[in-house]
Amino acid sequence: MVKAYLRYEPAAAFGVIVSVESNITYDSSGKHLLAPALEKVGVWHVRQGVCTKTLAPSPASRGPSLAVTSIASSTTSLIASGYADGSVRIWDSEKGTCETTLNGHKGAVTALRYNKLGSLLASGSKDNDIILWDVVGETGLYRLRGHRDQVTDLVFLDSGKKLVSSSKDKFLRVWDLETQHCMQIVSGHHSEIWSIDIDPEERFLVSGSADVELRFYTIKRGLVDGQPVSTIKGAENVNNGDSTTQNKWEVLKHFGEIQRQSKDRVSSVAFNKSGNLLACQVAGKTVEIFRILDEAKAKHKAKRRLNRKKEKKSAKGEAEVMENGDTNHGTGEEGNALLVTAPDVFKLLHTVRASKKICSISFCPITPKNLLATLALSLNNNMLEFYSIESSGTTKTLAIELQGHRSDVRSVTLSSDNSLLMSTSHNAVKIWNPSTGSCLRTIDSGYGLCGFIIPDNKYARVETKGGYALVGTKDGTLEIIDIGSGTCLEVVEAHGGSVRSIAAIPNENGFVTGSADHDVKFWEYEVKQKSGQGTKCLTVSNVRTMKMNDDVLVVAVSPDAKYIAVALLDCTVKVFFADSLKFFLSLYGHKLPVLCMAISSDGDLIVTGSADKNLKIWGLDFGDCHKSIFAHADSVMAVQFVHNSHYMFSVGKDRLVKYWDADKFELLLTLEGHHADVWCLAISNRGDFIVTGSHDRSIRRWDRTEEPFFIEEEKEKRLEEMFESDLDNAFENRYVPKEEVPEEGAVALAGKKTQETVTATDLIIDALDVAEVELNRIAEHQEEKTRGKAAEFQPNAIMLGLSPSDYVLRALSNVNTNDLEQTLLALPFPDALKIMSYLKDWTSNPDKVELVCRIATVLLQTHHHQLVTTPAARPMLTVLKDILYARIKACKDTLGFNLAAMDHLKQLMASRSDALFRDAKSKLLEIRAQHSKRLDARLETREEKRKKKKQKKSSDGHAWT
């Protein structure tokens, strides 16, 4: 009889506040911050400091979870997140649902940017390509090729008509999105460009690289009378004053540089929403904040600079007259017009210094009262910090840090009733609720390597409701922790080297510790009142010590407390009698030191995991090796038996969690989810869930489900996976000719061939075959009917009561919008002809006109030459030409009518209420701009009057003398 096992599935992941692979960004409201948390995106309520939502992809049936590598928020509630496999997901942040998944890139997504309306999304990737996506239509528009290295940032210009991209190839490229070509290549950087941004008014573009300066460009918005219009007055003559030979297609014009304070490379640059501040984040601990001066102040600064130059020159000239006896007038700047340079406009305001290395920054789109801006920082130690920026200085207002460890999780331990989980790290111990993932206590500690929650019995819970725990540290101390109060009661100097392992002695008030100082120590604990203290607390005392010949790495005690097993640095495991400490067995066979071991509940088996990547299963009666299994692709870090069974779990540095049957020596399940080395493992008493801790700072819970599975089925699935991965490699590498260097500014299709598109093509071909058979049956039935022999027609049940035409349309409608092009490209020409024969019928359905047009366009572009030379296709194409134009025109008319009606309703509502919708905002900005200009004009006239008065006084004084 074939045995069925119960499946374990990923249930929860907690402990990660922000991961380092991606950027952070505020949503459009400014109330929430979007932070990457490995494969998820956390939506944090900034004021409350809590994670209100988690945007996580639906757990894939197989395969590893992929990290978020880029995030962008639109002006609406939509959010885009890019992943390490090149996919882009669009989320609705209010509902917390995934609207669509866009597949197009072959490498990790490195840059995402929405246009101002939020209708277009541009994505850049490690595959050097840029893809433009239609967010509303949920489809890829086209792919832009030209960069020779990874695309690092993207910015839309000119109301979304142009796109600027930066790359590690040291070039900026300006793309015209209407004609889909590269219209300008900007050089000048000496190293990789890491980030670019434009101010909200589109006056300046700033780029940051590993160079010591930030480079600024002015933006030409369009052409007036065939001449380019610059956005900065007084900046036209900065580049050598060569205004006559300006290139009219030049969008970006070099404006100047500003020296940075830090020597580290630029990681990101960002303007705030109001456009008066610029932040430059370096790959270190600092962010430089620049103030952007308005036109009047910049001109005033330029005048002062020019006057200082003149004064210096005149002083120099006088000195030369004294020396040479003849005048040598300085020529050049005095006769020139006033030039506004980058240092005149951008002034260093503050430098924000964080406690750790900064990964990403984001300005809050809503500016609070009495502040210039609010800046959010993500740090590489799993922490978020918020700073308020004022004219006088910067202050740290909030830090989100309690919900996760600052470094990797080194050990996890469950309490006896599975209600508490303790995790240790390099400077803190955290107590969690394993079912909800909420952090209950954070206790400062040393570098905790192992931990043990004292069982819930009469000795442990006398004075406190939370119980006690013990932590073994790298310094050789034992820390006694009161969970209820969240305090460290005592630090006991236990060993001369790091405490590597703690094992409880079953049914006794004792435990055993193993250390790098070659000692194995036996301890007893009890709750008693210390002298001079009013309350009782836990105390530990050393009762026995066993000296070993080498460093102790792991200790384990058998469930009947008869044996104690000790793993040493010499790759052996020594088993002793626990009562007399006499030697019993030596388990020898591992090539590298044993890092973990466990004894089964019945005491029959002991399993050891080693740095040699193997698991060895031994009999504890004679010490014979039952089986050696090559278990992981890297060191095995932890192994544990499920209570009252011979099933076991192992974790390793290969990021995998594996489920084994120790009697059959079979791998049952492989659980993928962690993004880095898995250090530790804990299993609940009933075996209904397991908990793992990792170098990626996450703690993951895996729950046992009621879904049964069989070993043979799992083996077949693993083989299928290997076959499919080979197929994917074949798509990418084997049969596709390698493109050495893309054509200059080339355009290509947005999608990519995936397993989903191949499956969709197969389903369409099957639908066409079924429909063809059904059409033949209908034709035969009609012939029989004319002869008078017709029986009642029985339609094919597979077609779900649909006509052949509708059945094929259903198959095409089920294809993901983004995958449609690649699906149709894979169709053979005869099947493409069959689809085209159905198009005429489908156009009668007004809901499917857009789909029909897309299908017709793709098939015509793909099979144009064959269609032209196929006589049978000509009448079909002629009919389609007449019908499609008419249907599209009808759709456009309907849309136009509806838009006009909505505009009319908007005007009606505006006339009835005081609210003038969005127009009021632009009007208000216009009025403010005019008001500021008037003030500037008044100031200028006042200054001129003062100057005239001064001149008059001085002339009067000369006349009097």
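Below, each value reflects all heavy atoms present in this structure, side chains not excepted, and no hydrogens, waters or symmetry copies. Quick note: residue numbers are just sequence positions, from 1. All values derive from a computational prediction rather than experimental measurement.
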Look only at the side chain of [X] and the backbone of [Y], and say whether a donor-acceptor pair between them is shorter than 3.5 Å.
X	Y	answer
Ser19	Glu21	no
Arg148	Gly146	yes
Lys53	Ser93	yes
Asn307	Lys303	yes
Thr69	Ser22	no
Arg143	Leu141	no

Show which side-chain atoms of residues 361-381 pair as donor or acceptor with protein atoms under 3.5 Å away, not counting sequence neighbours.
unit_1 : atom_1 : unit_2 : atom_2 : d
Ser362 : OG     : Tyr26  : N      : 3.3
Ser378 : OG     : Ser360 : N      : 3.2

Worksheet item: Got a sec: does the NZ of Lys301 have more than 12 other heavy atoms crowding it under 6.0 Å?
Response: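 Count over threshold, so yes.
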Discussion item. Between Arg203 and Glu295 (salt bridge meaning N to carboxylate O under 4.0 Å), is one present in this structure?
Written reply: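 No, this pair does not count.
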Worksheet item: Does Phe346 have Arg291 sitting over its ring (NZ/CZ under 6.0 Å from centre, angle to axis within 45°)?
Response: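 The answer is no; the distance or angle limit is not met.
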Worksheet item: Does the ring-ring contact (aromatic ring centres under 6.0 Å, His included) test come out yes or no for Phe255 and Phe204, once each step is laid out?
Response: CA-CA 9 Å; Phe255 180 50; Phe204 305 104; 5.4 Å; yes
Worksheet entry | Pairwise distance CD1(Ile185) to OG(Ser165) - rounded to 0.5 angstrom | 9.5 Å
Worksheet item: To the nearest 0.5 Å, what is the distance between NZ (Lys161) and CD (Glu178)?
Response: 5.5 Å
Discussion item. Evaluate Ile24 against Leu34 for side-chain contact (heavy atoms from CB on, under 4.5 Å), listing each step before the verdict.
Written reply: CA-CA 6 Å; Ile24 55 168; Leu34 310 167; over 6 Å; no
Discussion item. Looking at every heavy atom in both Ser123 and Val88, which two are closest together, and how far apart are they?
Written reply: CB-CG2, 4.4 Å
Item to complete: Can you see which heavy atom on Asn128 is nearest to which on His147, and at what distance?
Response: CB-O, 3.5 Å
Discussion item. Could you tell me if Trp194 and Ser267 have a donor-acceptor pair between their side chains, going purely by distance under 3.5 Å?
Written reply: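 No - no donor-acceptor pair under 3.5 Å links their side chains.
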Worksheet entry | Residues Arg113, Asp153; criterion side-chain contact (heavy atoms from CB on, under 4.5 Å); working and verdict | CA-CA 8 Å; Arg113 186 81 69 143; Asp153 211 346; 3.5 Å; yes
Worksheet entry | Derivation and outcome, salt bridge (Lys or Arg N to Asp or Glu O under 4.0 Å), residues Asp129 and Arg145 | CA-CA 5 Å; Asp129 291 352; Arg145 287 179 167 160; 3.2 Å; yes
Donor-acceptor pairs under 3.5 angstrom involving side-chain atoms of residues 382-397: please list them, not counting sequence neighbours.
unit_1 : atom_1 : unit_2 : atom_2 : d
Asn382 : OD1    : Ile17  : N      : 2.7
Asn382 : OD1    : Val18  : N      : 3.1
Asn382 : ND2    : Gly15  : O      : 2.9
Asn382 : ND2    : His405 : O      : 3.0
Glu385 : OE1    : Tyr387 : OH     : 2.8
Glu385 : OE2    : Ser355 : OG     : 3.4
Glu385 : OE2    : Lys396 : NZ     : 3.0
Ser388 : OG     : Thr395 : O      : 3.4
Ser388 : OG     : Thr395 : OG1    : 2.7
Thr397 : OG1    : Phe386 : O      : 3.1

Fill in: Residue among Leu120, Asn115, Leu102, Leu78 satisfying side chain to side chain contact (heavy atoms under 4.5 Å, CB included) with Val135
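The option that passes is Leu78.
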